[in-house]
Number of protein chains: 2
Amino acid sequence: MAEHRLLTAEREQKILELLGQSRVMTVAGLSEALAVSEATVRRDLQSMHERKLLQRVRGGAAFQGLTRQEPLFADKEEQQTEAKRRIALKALELVDDHDVVYLDGGSTVLALARLLEGRQGLTVVTNSMMAAAELMNSRHRLILVGGEFRARSRTLVGPLTAPVIQSLNVDKAFMGTIGFSIPDGMTTTDPSEAFTKEQILKRATQVVLLVDSSKLGVPSFARSGTIGDIDVLVTNRISEQMLRDVDSLGVRVILAGE
Amino acid sequence: MAEHRLLTAEREQKILELLGQSRVMTVAGLSEALAVSEATVRRDLQSMHERKLLQRVRGGAAFQGLTRQEPLFADKEEQQTEAKRRIALKALELVDDHDVVYLDGGSTVLALARLLEGRQGLTVVTNSMMAAAELMNSRHRLILVGGEFRARSRTLVGPLTAPVIQSLNVDKAFMGTIGFSIPDGMTTTDPSEAFTKEQILKRATQVVLLVDSSKLGVPSFARSGTIGDIDVLVTNRISEQMLRDVDSLGVRVILAGE
DNA sequence: CCATTTTTGCTCATTGTTGCGCGTTTTTGC
DNA sequence: GCAAAAACGCGCAACAATGAGCAAAAATGG
């Protein structure tokens with residue numbers, strides 16, 4: 001690894017990482033850790049705060065989750081939150097201002113929803129109640145697909161979702177999944193859920209799949225789309241073998257790092 | 001890791017932590033634990049008390065009881081809550097187990113949603129995000145109409161709601177409204193909202209309008225249904241004149257009392 | 001290679017924070 | 001009740017953090 005000065009994006013990544021560990025960092029501490037002046041750190045923090053990636057406090061910065069409470073649906077089973085967050089951050093780079101995006105269910109996609117404050121004028125279509133709750137107070141245009149509420153995933157699923165989805169076109173669809181493997185593609189536990197996912201795959205110009213490494217290679221019950229439906233795969237870790245396989249199928253892979 | 005002076009946010013976090021353990025802390029104790037002057041502790045406690053994070057008591061601070069979590073779908077301050085609750089209770093009597101009901105937006109209907117735990121095996125269709133949030137944890141079947149999210153009323157409205165509503169039949173529709181008067185019928189502020197209301201009126205076997213007396217006789221902007229669409233009117237108070245008028249139009253009136 | 005733009009680090013005026021002194025208010029002990 | 005003690009709040013000075021402006025350095029694009 002060449003000893004090069006860190007790029008802005010790298011610095012930001014590092015800041016989030018440090019914050020994830022310590023919950024809070026001083027400007028002085030970051031300045032030292034990143035080997036840049038405090039002025040630069042302040043500019044970074046300012047910019048990242050505006051994009052809601054962290055909380056600015058006098059003297060330093062605090063992790064988003066520290067003061068902000070996530071009560072209603074506190075997923076205690078939340079594992080790999082840091083990995084999910086990094087995946088979401090990479091996915092955020094794919095979103096441009098004024099895009100029409102679709103957000104699927106799942107905690108990784110939800111992490112992305114929380115970051116969308118960093119963009120402007122989006123139209124967000126979703127079947128995820130949690131993502132909707134997150135975006136209710138944003139300035140983005142929010143559209144929910146109708147349908148039956150599935151408690152387990154807190155999403156709207158089933159045949160009733162079809163008419164709304166079919167009357168819309170979205171630029172980018174950010175999908176989650178329960179399992180992902182080469183032979184089966186995307187799989188999930190519930191056929192109604194799978195049905196809705198397939199609907200949206202047909203209506204999206206670009207399909208981005210967000211999965212942490214624990215889902216890779218693990219098939220589930222109901223097929224919800226083939227690998228051919230996917231344009232971009234964002235994950236935190238992937239085996240050489242799988243990387244070659246999906247690459248040969250024309251899927252662009254983005255690594256979010258460990 | 002560099003020893004740094006505690007940031008304000010860190011101090012506050014620590015204070016809450018200590019309070020969680022000991023239920024109560026003295027200013028002197030906090031001053032020592034945090035290594036800051038008592039003056040600073042007092043300022044911190046003052047600030048946190050104003051934000052309802054703890055209870056200020058002379059000499060120190062006490063743990064703030066349950067009020068901690070502010071729900072994701074925060075309720076705005078409600079007026080006439082008692083009247084609304086009584087109206088909702090009367091409306092609940094119209095609901096039988098295993099009914100298919102529609103819940104409209106508005107706080108009175110929301111009050112009814114909260115009471116639906118008292119029934120079994122309902123299928124609840126709604127365009128209200130607040131009602132949906134309320135029923136997410138219930139055992140009832142929950143169906144949301146799709147559509148565009150309108151922040152003001154926290155409901156889903158507009159043309160996208162039509163296909164879902166049109167493919168359903170409901171036994172009883174519980175509607176709210178902004179204004180109600182004899183010449184204009186039901187009126188509301190937003191045409192998209194009115195559109196969705198009209199859709200559901202066509203698909204409901206029985207239409208129940210829930211209004212507190214402050215809405216009676218007060219017309220608003222967009223017509224969302226005529227008096228002829230209504231089967232039952234539940235309110236807390238009504239003038240003799242209006243009672244005669246709606247009665248002559250075949251509307252059954254239920255009084256919830258003052 | 002040079003011109004242009006962007007990023008960075010420095011200085012400095014401004015603003016926010018902290019601790020202390022002191023007068024006032026509340027509580028405590030009798 | 002009443003006086004002493006404790007707690008409090010206010011103003012002030014010292015200090016820390018900040019943002020703006022500017023020049024140097026680095027990246028970018030002919």
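Keep in mind the model is a prediction, meaning the values are calculated, not measured. Below, chains carry the letters A, B, ... as their sequence lines are ordered, and counting in each starts from 1.
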Requested in this report: Let me know which of A/D171, A/T126, A/N127 forms a side-chain hydrogen bond (donor to acceptor under 3.5 Å, both in side chains) with A/Y102.
Outcome: A/N127
Report task. Could you tell me which non-hydrogen atom of A/L18 sits nearest to which non-hydrogen atom of A/A33, and how far apart they are? Result -> CD1-CB, 4.0 Å
Requested in this report: Classify the nucleic acid contact of A/V41 as base, sugar-phosphate or nothing, counting any heavy atom under 4.0 Å across all strands shown.
Outcome: nothing
Query raised in the report: Taking for each residue the nucleotide of DNA chain D with the nearest heavy atom, is it B/T26 or B/A39 whose nucleotide lies nearer the 5' end?
Result: B/T26
**Report entry** Atom-to-atom span, CD of A/E12 to P of C/dT8 - whole angstrom
**Finding:** 10 Å
Query raised in the report: In whole Å, what is the span from the NE2 atom of A/H49 to the P atom of D/dA17?
Result: 19 Å
Query raised in the report: Can you check the B/E38 CD to D/dC10 P distance for me, whole Å?
Result: 17 Å
Requested in this report: Using the salt bridge (charged side-chain N to carboxylate O under 4.0 Å, His left out) rule, take B/E12 and B/R51 through it: C-alpha gap first, then chi angles, then the decisive distance, then the call.
Outcome: CA-CA 12 Å; B/E12 296 189 348; B/R51 281 175 293 156; 2.6 Å; yes
Query raised in the report: How bent is the helix from C/dC1-D/dG30 to C/dC30-D/dG1, comparing axes over its five end pairs at each side, to the nearest 10°?
Result: 50°
Query raised in the report: Quick one: what's the B/S/- string for nucleotides 23-30 of chain C, heavy-atom cutoff under 4.0 Å, read 5' to 3'?
Result: --BSS---
**Report entry** Stepwise salt bridge (charged side-chain N to carboxylate O under 4.0 Å, His left out) test for A/D44 and A/R11
**Finding:** CA-CA 8 Å; A/D44 284 350; A/R11 270 207 322 267; 2.6 Å; yes
Requested in this report: With sequence neighbours left out, write down each residue that passes side-chain hydrogen bond (donor to acceptor under 3.5 Å, both in side chains) with A/T161, or none if nothing qualifies.
Outcome: A/T196
Query raised in the report: Hey, does A/Q46 reach any base, or is it just sugar-phosphate, or nothing, if we go heavy atoms under 4.0 Å?
Result: sugar-phosphate
**Report entry** From A/V124, A/D99, A/L92, A/D96, residue fulfilling side chain to side chain contact (heavy atoms under 4.5 Å, CB included) relative to A/R119
**Finding:** A/L92
Query raised in the report: If you count the non-hydrogen atoms of other residues, nucleotides and ligands that lie under 6.0 Å from CZ in A/R152, is the total more than 12?
Result: no
Query - Distance (rounded to the nearest 0.5 Å) between A/R42 CZ and A/H49 NE2 - result: 15.0 Å
Query raised in the report: Any donor-acceptor pair under 3.5 Å between the side chain of B/R43 and the base of D/dG9?
Result: no
Query - B/T8 side-chain proximity, nearest of C/dT18, C/dC20, C/dG9 - result: C/dT18
Report summary line: Distance col, row A/M129:CE vs A/R150:CZ, nearest 0.5 angstrom, shows 14.5 Å
Query raised in the report: Does B/T40 place a side-chain N or O at less than 4.0 Å from the phosphate oxygens OP1/OP2 of C/dG19?
Result: yes
**Report entry** Nearest to side-chain heavy atoms of A/R42, which nucleotide of D/dG19, D/dG9, C/dT8
**Finding:** D/dG19
Report task. Figure out the CG/P separation between B/D44 and D/dG9, and round it to whole Å. Result -> 13 Å
